[in-house]
Amino acid sequence: MTDTVTQGVAQRRELIAFRIGDQEFCVDIMSVREIRGWAPATPLPRTPSFVKGVINLRGAVLPIIDLGARLGLTTSEPTARHVIMVVHIGDRTIGLLVDAVSDIINMSDDLVQPTPDVASDQVKTFVKGLFALDGRMVSLIALDRVLPETEAEAA
Amino acid sequence: MDPFESIKATFFQECEELLTDMESGLLAMEQGDDDSETINAVFRAVHSVKGGAGAFGLEELIRFAHVFETVLDEMRSGKLHLTDEVAKVLLRASDVLADHVAAARSGGSVDEGRTVGMIADLQGLIDQDRAAELGLNDDGDSAAVEEDFGFVPVVLSLDEPATDAPEVDVAALMAAAAEPVEVDEAAAPADAAPAWRVTFRPKAEMYAKANEAALVLRELARLGDVEVALDASAVPPLDQLSAEQAYLTWTIRLSGDKSEAEVREVFEFVEDDCDLEVTREGEAAAEVAEPPLAADDDASASAVEAAAAAPLDLDALLARVSAPAAEPATPAAPAPAPIAAAPPPAAPPPAQDPASMDVAGLIALAEKASQDHAQTQSAPAKAEPKADQKAEARAAAGPATAATPTIRVDLDRVDRLINAVGELVIQQAMLSQRVFESGLARSSDVALGLEDLELLTREIQDSVMAIRAQPVKSVFQRMPRLVREVADMVGKKVRLVMDGENTEVDKTVIERLSDPITHMLRNAIDHGLETPDEREAGGKGIEGTVRLAALHRGGRIVIEVADDGRGINRPRVRGIAVSKGLIAEDAVLSDDEIDNLIFLPGFSTADVVSDISGRGVGMDVVKRSIQALGGRISITSEPGKGSKFSMSLPLTLAVLDGMVVSAADQTLVAPLSNIVESLTPRAEDVHLIGGRDAVICIRDTFVPLIDVGVALGFRDTPLPPASGVAVLVESEGGGKAALLVEAIQGQRQVVIKSLEANYQHIHGVAAATILGDGRVALILDVDALVTTSRRKAPRIEKRMAV
């Protein structure tokens with residue numbers, strides 16, 4: 001899915017940009033299934049703090065990841081203004097909690113710059129690259145790292 | 001999938017059905033049913049397996065099926081009579097046949113010794129009647145039966161009267177349509193003295209495939225009087241002779257009232273590996289003169305065109321004329337039908353003028369006949385044009401097998417439908433809840449509409465679940481074989497009685513019934529039943545009876561396995577349990593409790609550990625696998641009279657009976673199958689061991705008290721016991737504990753939703769479900785909770801974020 005960025009082919013693609021706090025991020029539009037408003041989640045026991053719990057998405061049990069918390073940003077309690085982006089990661093479907101969805105960006109892969117060395121390891125894990133858009137900085141998120149790796153980590 | 005592979009897969013699916021049919025037929029025969037229809041059904045099944053195997057070149061399977069079929073054919077023609085011994089041999093042969101099919105499917109191999117032994121046994125049956133068989137030339141079966149088999153690339157019989165249409169089976173027609181059919185057959189005069197001249201010249205390949213000319217000739221001899229001439233002129237001098245070449249040619253003159261199809265059927269399996277000519281006596285010249293006409297090539301040719309060509313080739317004309325006449329009425333089976341329907345014409349007059357007169361008359365005749373034919377034919381063809389060919393072939397095969405039309409559907413699609421309906425039900429419940437919350441009157445149109453919607457949703461859900469519901473027959477059917485094998489192994493005589501095979505249960509449950517039933521049956525035969533000697537000494541018949549029954553009871557399915565054996569030897573069971581340290585020496589146990597000791601892990605009563613059971617992994621495994629399905633197992637036993645195991649299971653694994661409880665502001669579901677009782681704890685019954693591990697005293701027994709909210713990390717401080725409700729649960733391992741929750745909200749059937757699908761397994765949580773309000777609730781994994789508390793190894797739990 002989003003991994004094609006690294007192939008070096010100047011391919012045009014559409015990205016969905018969203019905000020967490022005052023930072024802007026984006027993911028490949030093809031991995032986003034739908035965007036919906038925040039609904040109270042059922043908390044899961046023994047899970048990392050960035051797992052908000054599970055919600056009912058038309059009969060499927062959908063885990064909600066607080067993306068801000070996952071990236072190490074400070075987050076506040078979700079409100080009705082928050083947004084859940086339902087995304088496919090591999091064969092799983094999860095919800096990402098973000099502050100707001102801002103834009104759909106059409107851009108080519110060769111504009112993506114590698115993450116500079118200043119970033120911490122945690123950020124580097126999730127941010128695949130950066131690009132400039134109208135003077136703003138947008139970080140491209142690597143979705144496959146967002147879920148906790150193993151059960152051991154979660155327990 | 002590669003088309004060939006998918007055809008093959010279909011073949012194996014059909015094989016499974018055929019084997020099932022065969023086994024039920026054989027079981028009926030074992031009970032003494034020697035009705036010719038039963039025997040025919042079994043024969044047909046074996047024959048079809050053989051035929052299909054031929055198409056895929058499964059040589060071993062063919063060879064075995066052939067011997068098997070021969071024996072059945074003997075029975076069919078009344079030469080071999082059904083006896084107990086015969087039925088038993090046949091049943092064992094069916095097991096071997098199933099092995100062969102399984103081996104062919106998985107590419108494995110079959111126990112050679114067993115096959116050879118079985119073939120010898122079957123040959124033995126044939127040999128008993130060999131003398132009689134050779135003396136007789138009668139063939140007990142009618143052409144109609146022959147034609148039921150579908151796959152034979154048959155040239156339709158000219159002996160058939162035109163009105164016999166229903167006997168023409170669709171699959172055969174399709175096969176015939178695909179093959180070039182020699183239409184000149186149809187024109188042959190039916191009333192001529194029937195005699196066939198067959199030239200049979202095997203090629204080396206035929207011998208290489210272990211076919212033998214003598215067998216073929218012998219088979220042919222059974223059709224009628226034969227005169228066989230051997231042409232050995234091609235045999236070279238001995239020094240030039242190659243042992244692997246074929247040199248011989250036989251010319252056989254067969255008299256008898258047989259169709260060409262019947263004659264050719266004898267050569268069915270060698271057809272590709274020999275030069276074969278089958279001709280009517282005295283007609284060879286005419287046949288060569290007329291080029292074979294591909295049956296469906298000319299189906300679209302107009303009658304007028306054909307008429308123009310008519311004087312030249314009367315036979316071709318007949319075929320052309322009648323083909324389009326039948327075509328529109330029988331789309332599924334176009335061309336060959338009219339050929340069978342074409343009436344035997346009068347001998348073609350040589351002069352042209354009178355011929356065209358005759359032609360007109362013949363056209364009329366042919367059309368009439370083919371219309372008659374088309375009418376009878378089109379009924380089944382129209383009724384289910386899209387049903388698969390096989391079902392259609394069956395329907396056409398005759399009144400005896402009136403199968404309801406079925407379709408094969410990918411289970412995945414059904415599951416998707418079931419999921420969608422599950423969501424529909426939840427959505428509907430949410431909707432009505434919202435509507436009532438919004439303050440609409442219950443008599444308002446919206447509310448009434450919602451009520452109808454609810455009824456409809458329920459109905460859809462029921463129908464959808466019924467799609468997946470299947471009779472337990474598919475599991476039960478495997479059991480007679482198991483019983484035979486186990487009985488042979490332990491040297492006991494066992495009769496298996498099955499009851500309630502048509503009890504329906506969800507497919508997910510069916511798949512997992514097989515293991516526990518297998519275990520219980522093995523156990524019943526190995527441990528429950530006595531040896532024949534012991535039975536005789538005990539005044540029972542030497543044959544033990546094991547009864548396997550399925551029934552619905554209270555929304556669950558109950559499977560019972562009962563034997564009339566020795567029953568549970570309670571003092572011995574108790575002794576073993578004490579010696580293995582499973583119970584205390586002075587424990588006071590009721591008979592019932594002693595009986596249930598056999599479910600304890602590591603318990604085994606067998607003096608001799610056998611291959612079948614007795615390794616002490618039996619009954620506790622059974623119990624655990626049943627509990628994993630949300631079921632229960634119990635045993636009742638009467639010494640000297642036998643024992644009865646009954647297990648009760650939910651009808652589906654998609655829903656679960658649960659108790660909805662709340663703990664730390666969360667709604668949770670505890671599986672009802674784990675729950676023993678619930679009670680309000682009194683403060684004085686709860687004691688602390690050490691700092692924080694609490695136990696509760698229930699009727700003088702201390703069990704751990706687990707605060708669910710704390711155990712799952714929903715809160716840090718334990719709930720004061722007196723302000724909550726304790727639910728006494730039993731884990732699959734038999735451990736008991738009391739779960740402390742804030743309140744019990746009620747009992748409900750919930751739909752199980754996997755957490756692993758989108759997230760991962762969480763310790764202490766079995767799955768999730770969606771409640772009527774649309775919120776997700778977690779289903780507790782009682783086992784995990786109990787064992788965690790018992791291990792007393794408090795893990796470092798990350799605080800969950802709320």
Undergrad: At their closest point, which heavy atom of B:Val765 faces which heavy atom of A:Pro45, and how far apart are they?
TA: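 Shortest heavy-atom contact: CG2-CG, 3.7 Å.
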
Undergrad: Is the backbone of A:Thr93 close enough, under 3.5 Å, to the side chain of B:Asn758 for a donor and an acceptor to pair up by distance?
TA: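 Confirmed, B:Asn758 side chain pairs with A:Thr93 backbone.
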
Undergrad: Which heavy atom of B:Val776 sits nearest a heavy atom of A:Ile55, and at what distance?
TA: CG2-C, 3.4 Å

Undergrad: Can you tell me how far apart CG (A:Leu62) and NZ (B:Lys753) are? Round to the nearest 0.5 Å.
TA: 12.5 Å

Undergrad: Quick one: what part of A:Ile94 sits under 4.5 Å from any heavy atom of chain B, side chain, backbone, both or neither?
TA: side chain

Undergrad: Sort out for me which of A:Val54, A:Val61, A:Asn56, A:Asp91 touches chain B most, counting heavy-atom pairs under 4.5 Å.
TA: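 Looking at each of A:Val54, A:Val61, A:Asn56, A:Asp91 in turn, A:Asn56 comes out on top.
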
Undergrad: For a quick test of reading the model, state the closest non-hydrogen atom pair linking A:Arg46 to B:Ile762 and the distance between them.
TA: CB-CG2, 4.4 Å

Undergrad: Examine whether an atom of A:Ala41 lies under 4.5 Å from a heavy atom of chain B, and if so say whether it belongs to the side chain, the backbone or both; otherwise answer neither.
TA: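 Backbone of A:Ala41 only, per the 4.5 Å heavy-atom cut-off to chain B.
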
Undergrad: Around B:Arg458, counting heavy atoms of other residues, nucleotides and ligands shown, do more than 12 lie under 6.0 Å from its CZ?
TA: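 For B:Arg458, atom CZ is not crowded (no more than 12 foreign heavy atoms under 6.0 Å).
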
